[in-house]
Amino acid sequence: MMIGGVSTNSASAKFQYGVLARTDAQTWAQEVAVTVASSRVKAQPQETLTAEQQREIEALKQTDARVHRHEQAHIAVGGELIRGGASYSYTIGPDQKRYAVAGEVSIDTTPAKTPEETIPKAQHIRATALAPADPSPQDRGVASIATQMEAKARGEVQAQQSQASSSSGSAPSASSGSAANSVVFYRAVQQSATQTSIGSTLDLFA
């Protein structure tokens with residue numbers, strides 16, 4: 001993934017996963033060193049590569065495979081939430097081949113039309129964010145946003161149920177007005193969530 005926090009003014013999220021997004025300093029420092037070294041070494045024919053360059057190529061192959069597995073896990077679980085496919089960033093190895101070192105997948109993170117519909121959507125977003133075996137910090141951030149979205153929607157459902165219960169003996173017109181006020185309130189919550197916490201990024205793996 002690409003470095004960066006959760007966006008605050010977007011209707012979509014990007015799961016970012018990669019060297020620059022990892023918190024395991026030792027492991028990723030080694031991979032960064034491999035990537036930098038590979039980019040500085042002039043490409044050579046396979047038969048003239050040194051043992052060190054061969055090790056760099058093997059490390060890049062493993063990183064490439066991990067990046068693709070990670071992003072495909074998001075896509076497999078995300079389904080209709082996914083906006084386009086995964087995009088990747090590459091580095092050139094000593095063997096002149098391209099290896100993926102980062103990737104990202106964008107998903108829809110806007111609340112649904114009603115709180116009842118928002119609850120399962122938020123659960124789907126969270127499952128998509130945590131789908132890979134090794135969720136990145138950015139993935140966990142999106143999952144946290146989805147949890148907050150679900151909590152707000154559940155609170156609104158409970159508020160609607162309380163209003164319906166307390167106004168069950170009222171005239172139809174009063175009940176209708178209460179329902180209308182509830183819809184307006186949820187729209188305000190929905191708009192606020194979109195502006196302050198909903199947009200973000202799922203992974204860039206570098």
Side-chain angles (χ1 to χ4, degrees), residues 1-8 10-109 124-146 198-206:
M1 269 177 223
M2 192 184 294
I3 285 182
V6 175
S7 167
T8 60
S10 171
S12 66
K14 292 180 182 177
F15 292 112
Q16 298 180 331
Y17 181 67
V19 170
L20 300 180
R22 294 295 292 246
T23 57
D24 186 338
Q26 182 176 2
T27 299
W28 289 103
Q30 293 173 351
E31 292 193 10
V32 169
V34 168
T35 302
V36 172
S38 297
S39 65
R40 291 178 177 175
V41 175
K42 183 177 181 181
Q44 303 175 24
Q46 189 72 23
E47 62 272 13
T48 65
L49 292 174
T50 66
E52 181 181 358
Q53 290 170 335
Q54 292 284 9
R55 287 193 294 270
E56 291 174 2
I57 291 172
E58 288 304 312
L60 287 171
K61 286 180 178 179
Q62 293 177 15
T63 298
D64 180 278
R66 186 165 60 250
V67 170
H68 282 88
R69 283 197 304 269
H70 190 105
E71 303 310 333
Q72 288 305 312
H74 285 312
I75 292 173
V77 175
E80 70 276 8
L81 293 177
I82 302 298
R83 293 185 169 181
S87 60
Y88 299 95
S89 297
Y90 298 88
T91 191
I92 304 298
D95 55 356
Q96 295 183 299
K97 295 181 179 180
R98 295 198 314 165
Y99 296 95
V101 292
E104 67 179 22
V105 173
S106 295
I107 66 165
D108 172 22
T109 56
H124 191 182
I125 292 170
R126 182 169 57 249
T128 302
L130 301 178
D134 54 346
S136 70
Q138 188 72 17
D139 295 341
R140 296 184 186 282
V142 174
S144 177
I145 287 174
I198 297 306
S200 60
T201 307
L202 284 181
D203 285 5
L204 179 62
F205 183 51

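Scope of the values below: all heavy atoms of this structure, side chains included, with no hydrogens, waters or symmetry mates.
- For the pair S144 (side chain) and R140 (backbone), a donor-acceptor distance under 3.5 Å is absent.
- Closest approach of A143 to A129, counting heavy atoms only: N-CB, 3.9 Å.
- Of all heavy-atom pairs between I107 and I125, the closest is CD1-CG2, 3.9 Å.
- Summarising the geometry of L60 relative to P94, their closest heavy-atom pair is CD1-CD, 4.4 Å, with the distance given to 0.1 Å.
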Q: Let me see the working for T91 and R98 under side-chain contact (heavy atoms from CB on, under 4.5 Å), right down to the final yes or no.
A: CA-CA 6 Å; T91 191; R98 295 198 314 165; over 6 Å; no
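- Checked for salt-bridge contact, E58 and R55 miss the test: no charged N lies under 4.0 Å from a carboxylate O.
- One distance of note links NZ of K97 with CD1 of I57; it measures 8.0 Å at 0.5 Å rounding.
- Of all heavy-atom pairs between A131 and A73, the closest is CB-O, 3.4 Å.
- How far CD1 of I92 is from CD of Q96: 8.5 Å, rounded to the nearest 0.5 Å.
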Q: May I have the step-by-step check of side-chain contact (heavy atoms from CB on, under 4.5 Å) for I145 and T109, ending in yes or no?
A: CA-CA 9 Å; I145 287 174; T109 56; 5.8 Å; no
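- Without hydrogens or angle criteria, H124 side chain to G78 main chain gives a donor-acceptor distance under 3.5 Å.
- With rounding to the nearest 0.5 angstrom, the CD atom of E80 is 8.5 Å from the OG1 atom of T128.
- To the nearest 0.5 Å, atoms NE2 (H74) and OG (S136) are separated by 6.0 Å.
- Looking only at distances, a side-chain donor or acceptor of D64 sits under 3.5 Å from a matching main-chain atom of A100.
- When all heavy atoms of L49 and Q54 are compared, the closest pair comes out as CB-NE2, 4.0 Å.
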